[in-house]
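All heavy atoms count here, side chains included; hydrogens, waters and symmetry mates do not. The chains referred to below are lettered A, B, ... by the order of the sequence lines, with proteins before strands, and numbering in each begins at 1.
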There are 2 protein chains.
Amino acid sequence: MSLDHTLSALADPTRRAIFQRLSGGEARVTDVAERFPISLNSVSKHIRVLERAGLVHRRVAGREHLLTADRRPLDELAAWVEQTRAFWSSRLDALEALLAAEDDPECKEQP
Amino acid sequence: MSLDHTLSALADPTRRAIFQRLSGGEARVTDVAERFPISLNSVSKHIRVLERAGLVHRRVAGREHLLTADRRPLDELAAWVEQTRAFWSSRLDALEALLAAEDDPECKEQP
DNA sequence: AAGATGTTCACCCAGATGGGTGAATATTGC
DNA sequence: GCAATATTCACCCATCTGGGTGAACATCTT
């Protein structure tokens, strides 16, 4: 499942910041890096992780690498979260129904 | 930010499965473990990670540890995802507006 | 051709992770 | 008191991670 990569990529605050930065539009590696207190090399590695997760794409133009963010893995993540929450709600609803049914357990014995 | 722990905890498929399993209601460590091909010890460690993220809580009853899932970190995650997507949409809207404005650049020169 | 710029590659390092095993601890039940 | 059960603790191991540095490579500019 690609959720693995999406979640682990977004689990790092630096990568979340890079991703949100790229939501603002195309940027070079250097442009992204200058906002962070870590080395250019480290930022480059973070970008590679985001690429592996499909959250960022790269377009090489000469010596510059132009990066763009891709929202689709985020959509997939949102779908998983909502699905999990929905499943949960249904379980809670079932529990409530069960408790309600147990509230008057004589309904079967007193027709 | 607690998102760090939530995301990295959910980045592992075994832990997502444990979490979803616990959405079905309270269960013991052994109950959870028997559904997975890994050792009880490893499951215990996964549970500790989920606890650190606040996704799971533990209630000790005698020699049994009863586990329950907590949906609140998931709500927090959903909020972050939606916020990021909303920010993105606003950026895209702004971009579309910009492109639309550039579609008729003579509007200022031809009153 | 030579230098400056943008980016990655190949390492090093400390620490976390995910898996395992075997022993320790706590509780229940006989 | 003693055996079985439920769980964790203390390790071992290979791998990944996030940071660093210095060198290499590719490209632009002069």
Side-chain angles (χ1 to χ4, degrees), chain A residues 1-22 24-70 73, chain B residues 1-22 24-70 73:
Chain A
M1 176 107 64
S2 144
L3 271 180
D4 289 35
H5 286 140
T6 304
L7 285 162
S8 61
L10 293 176
D12 185 278
T14 301
R15 283 195 291 266
R16 284 201 300 278
I18 292 175
F19 180 69
Q20 287 176 324
R21 160 76 171 84
L22 289 174
E26 226 175 26
R28 297 176 310 158
V29 176
T30 307
D31 297 335
V32 172
E34 69 191 5
R35 304 207 172 184
F36 298 95
I38 62 179
S39 76
L40 175 65
N41 247 331
S42 294
V43 172
S44 177
K45 286 187 211 172
H46 280 304
I47 290 169
R48 210 180 336 151
V49 174
L50 288 166
E51 275 187 290
R52 191 184 57 182
L55 285 160
V56 162
H57 295 125
R58 179 189 307 252
R59 176 172 70 86
V60 179
R63 63 183 162 181
E64 300 180 338
H65 294 210
L66 283 315
L67 308 165
T68 48
D70 188 339
Chain B
M1 179 106 65
S2 144
L3 270 181
D4 288 35
H5 285 140
T6 304
L7 285 162
S8 61
L10 293 176
D12 185 279
T14 302
R15 283 195 291 265
R16 284 200 300 277
I18 293 176
F19 181 69
Q20 286 177 325
R21 161 75 170 82
L22 289 175
E26 226 176 26
R28 298 175 310 158
V29 176
T30 307
D31 297 335
V32 172
E34 70 190 5
R35 305 208 172 183
F36 298 95
I38 61 179
S39 75
L40 175 66
N41 248 331
S42 293
V43 172
S44 177
K45 286 186 212 174
H46 280 305
I47 290 169
R48 212 182 332 152
V49 174
L50 288 166
E51 275 187 289
R52 190 183 57 182
L55 286 159
V56 163
H57 295 125
R58 179 189 307 252
R59 176 171 69 87
V60 178
R63 61 182 163 184
E64 300 179 338
H65 293 210
L66 284 314
L67 307 165
T68 48
D70 188 339

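Between the side chain of B:Asn41 and the base of C:dT21 there is at least one donor-acceptor pair of N/O atoms closer than 3.5 Å.
To the nearest angstrom, C1' of D:dT8 lies 16 Å from NE2 of B:His46. One interatomic measurement links the two molecules: CD of A:Glu51 to C1' of C:dT7, which rounds to 12 Å at whole-angstrom precision. For the pair B:Arg16 CZ and C:dG18 P, the computed distance is 12 Å after rounding to whole Å. Rounded to whole angstrom, the span from the CD atom of A:Glu64 across to the P atom of D:dT29 amounts to 9 Å. For A:Arg63 and D:dC28, the CZ to C1' distance is 4 Å, given to the nearest whole Å.
Residue contacts for B:Asp12: at a heavy-atom cut-off of 4.0 Å it reaches the sugar-phosphate backbone alone, with no base atom in range.
OP1 and OP2 of C:dT7 both lie 4.0 Å or more from every side-chain N or O belonging to A:Ser44. When the side-chain nitrogen and oxygen atoms of A:His65 are compared with OP1 and OP2 of C:dG6, none of them lie within a distance under 4.0 Å.
B:His65 pairs with exactly one of B:Ile47, B:Val60, B:Thr30 by the side chain to side chain contact (heavy atoms under 4.5 Å, CB included) rule, that one being B:Val60. Of the residues A:Leu50, A:Val32, A:Val49, the one that meets the side chain to side chain contact (heavy atoms under 4.5 Å, CB included) test with A:Val56 is A:Leu50.
Atom CG of A:Asp4 and atom CZ of A:Arg52 lie 10.0 Å apart (nearest 0.5 Å).
Across all their heavy atoms, B:Asp70 and B:Gly54 have their closest contact at CB-O, 3.4 Å.
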